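Note sheet for the following structure.
Throughout, a chain's letter reflects where its sequence line sits, starting with A, and its residues are numbered from 1. Please read all numbers here as calculations on a predicted model, not as lab measurements.
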Amino acid sequence: MTNDLLPDDIAQRRPCGSIGPGDDGGTVVVAGFVEDLRNLGNIAFLTVRDRSGKVQLTLLKKKMPELFALASSLSRESVVAATAKVQRSEKANAGFELLPSQLRLLGAAESPLPLGPADAVGVEVETALNNRFLDLRRPQTMAVFLCRAAILRGVREQLQQEDFIEVQTPKIVATATEGGAGLFPMQYFERKAYLNQSPQLYKQILMASGLDRVWEVGPAFRAEEHNTTRHLNEFTSIDIEMAYADDEAVMGVLERVLQAAMRSLNEHAPDALRTLGVTLVPPQLPLPRITYDHCRALAAKRDITVAFGEDLSMEVLRAIADELPDLYFITRWPSAAKPFYIRPVPDSPQHSFAFDLQYREKEITSGGQRVHDVGMLQQRLLDQGLDPEAFAYYLKAFRYGMPPHAGWGLGADRLTLILTQRENVRECVLFPRDRERIVP
RNA sequence: GCCCCGGUAGUGUAGUGGCCUAUCAUACGAGCCUGUCGAGCUCGUGACUCGGGUUCAAAUCCCGGCCGGGGCGCCA
């Protein structure tokens, strides 16, 4: 039994970017998209591209009339495979070219293309998203997602090294994490359920399980009608929760995770960074920590009054960012501005052990030490107008031995946005979900 | 949720009442070319978001719909 869809030697396929003048005289198999075809009459040049790079196939009409005819008939972005001899060449910009002995069309592309990956014109985000698979054939777009993978790889390696256990928590839930707003309702057989807005409650429950240190990378859903370049209704959250730890301890984990993400980018995606024109210098640790009260004072210096308990507006955050390095923590937030599960400071309970990690004016992480006393948790639920009955399954985990713990949630999409220096978070998500878009 | 802005060939754009039978680039089709690699040259195809209104005249002004972009709030 043979498989006639692929050439017999396809298993020997080499990434285009791995072939060089050093392969002179050898035979290689390549496969990819036809980026460009330049037919000069008696000689034609075909550029084939895969994820790793491009190669030029050179076809002489006299020497290989059938291949020349086939190559000349190809439409851009069609998928081809070729077996070819590598020849060092001064005439080719790359210093070598491929002389094919076999060429096969594996998947023809229709024309015109809804988006030309090799076109010398810009592409609007809207057009790119509507044709994402073609957009991804553009080196710049491809590079963003190669970077995203390298970032997650660095995060994963660092957390594993610090003995965190990777877990998955449910995305279909019965109650809100922090109140009723912002949830997508769904029909769950005969009952109403919701898409989870955060793994917060579940990762805390796991602190009562003995798993000690857990982390999860997964989707979170927020039914908020925001319309900005940094919000999506489905986003990817990197979460940790750590027992026997306070806010300082998990801030330390976060700093090391960030540094690991940047190092991983430099190590595993240097070409992608170059394509994007990004140079990354991992920051010196520790990152600066400034308190919320200090932020208010900085705002006051610019004649902006921030009442205690009030959230920091974009205007205030920009003013603060002007005075600090790109990455910094804002600590000791007012208890009133943070969720019920954040622990108040004992000798100043209007303050809390909550922190945010900021990249200039953008918030990328929110975390803190948690309340682990069940009585205090119940009281804080009531204070925030929530019904402890609805949280019974969560509160139960605090009654039979719950270690003190802390944690954070880091936005994977925003982290990618920042590290790849893109402008819109939609550029950093393959198939983003916003107020208007659920297709593709 | 509040506010502002936009929609012109496949793609990206110029055009703010008549000079628009609409600009340019790119893509696409045909032709020429044995060294291209942003190939080149010649010729050609291809568009004003939809509906209503104002006007002698609307891509252009007004109203509404649809679609999109951005800011703020909120947050990851």
Cut-off 3.5 Å, side chains only: do A:Asn130 and A:Arg437 have a donor facing an acceptor? yes

A:Asp247 CG to A:Gln369 CD distance, which is reported to the nearest 0.5 Å: 6.0 Å

If you look at every strand shown and take non-hydrogen atoms under 4.0 Å, does A:Ile238 touch a base, only sugar-phosphate, or nothing? nothing

Does the base of B:rC67 carry an N or O that pairs as donor and acceptor with the side chain of A:Arg437 under 3.5 Å? no

Any N/O donor-acceptor pair, A:His231 side-chain to B:rC74 base, under 3.5 Å: yes

Paired to B:rC66 by Watson-Crick or G-U wobble criteria (both distances under 3.5 Å) is B:rG7

For B:rG1, the Watson-Crick or wobble counterpart (both distances under 3.5 Å): B:rC72

Answer yes when A:Arg426 and A:Asp434 have at least one side-chain N-carboxylate O distance shorter than 4.0 Å, and no when they do not. yes

Please work out if A:Asn227 contacts a base, only the sugar-phosphate, or nothing of the nucleic acid, heavy-atom cut-off 4.0 Å. base

Checking salt bridge (Lys or Arg N to Asp or Glu O under 4.0 Å) against A:Asp322, which of A:Arg360, A:Arg302, A:Lys301 comes through? A:Arg302

Does a side-chain N or O from A:Arg230 land closer than 4.0 Å to OP1 or OP2 of B:rG71, or not? no

So, is A:Thr229 close to the B:rG71 phosphate, meaning a side-chain N or O under 4.0 Å from OP1 or OP2? yes

Could you tell me how far apart A:Asn424 (CG) and B:rG68 (C1') are, to the nearest whole angstrom? 12 Å

Surrounding CG of A:Leu285 (heavy atoms of other residues, nucleotides or ligands, distance under 6.0 Å), is the total greater than 12? yes

RNA chain B: 5'-proximal contact among A:Glu436 and A:Lys362 (nearest heavy atom): A:Glu436

Can you say whether the rings of A:Phe340 and A:Phe391 are parallel (under 30°), tilted (30 to 60°) or perpendicular (over 60°)? perpendicular

Send over the distance from A:Glu124 CD to B:rA9 P, rounded to a whole Å. 11 Å

Any side-chain N or O of A:Arg426 under 4.0 Å from OP1/OP2 of B:rG68? no

Contact class for A:Asp135 vs. all strands (heavy atom < 4.0 Å): base, sugar-phosphate, or nothing? nothing

Would you classify A:Arg318 as touching base, sugar-phosphate or nothing, given that sugar-phosphate means primed atoms plus P, OP1 and OP2, and contacts are heavy atoms under 4.0 Å? sugar-phosphate

It should be established whether A:Ser237 places a side-chain nitrogen or oxygen under 4.0 Å from OP1 or OP2 of nucleotide B:rA76. no

Reading nucleotides 26-44 of chain B 5' to 3', which nucleotides get B (base under 4.0 Å from a protein heavy atom), which S (sugar-phosphate only), which -? SSS----BBBBB-B-----

With a 4.5 Å limit on heavy-atom distance, are the side chains of A:Cys295 and A:Ile290 in contact? yes

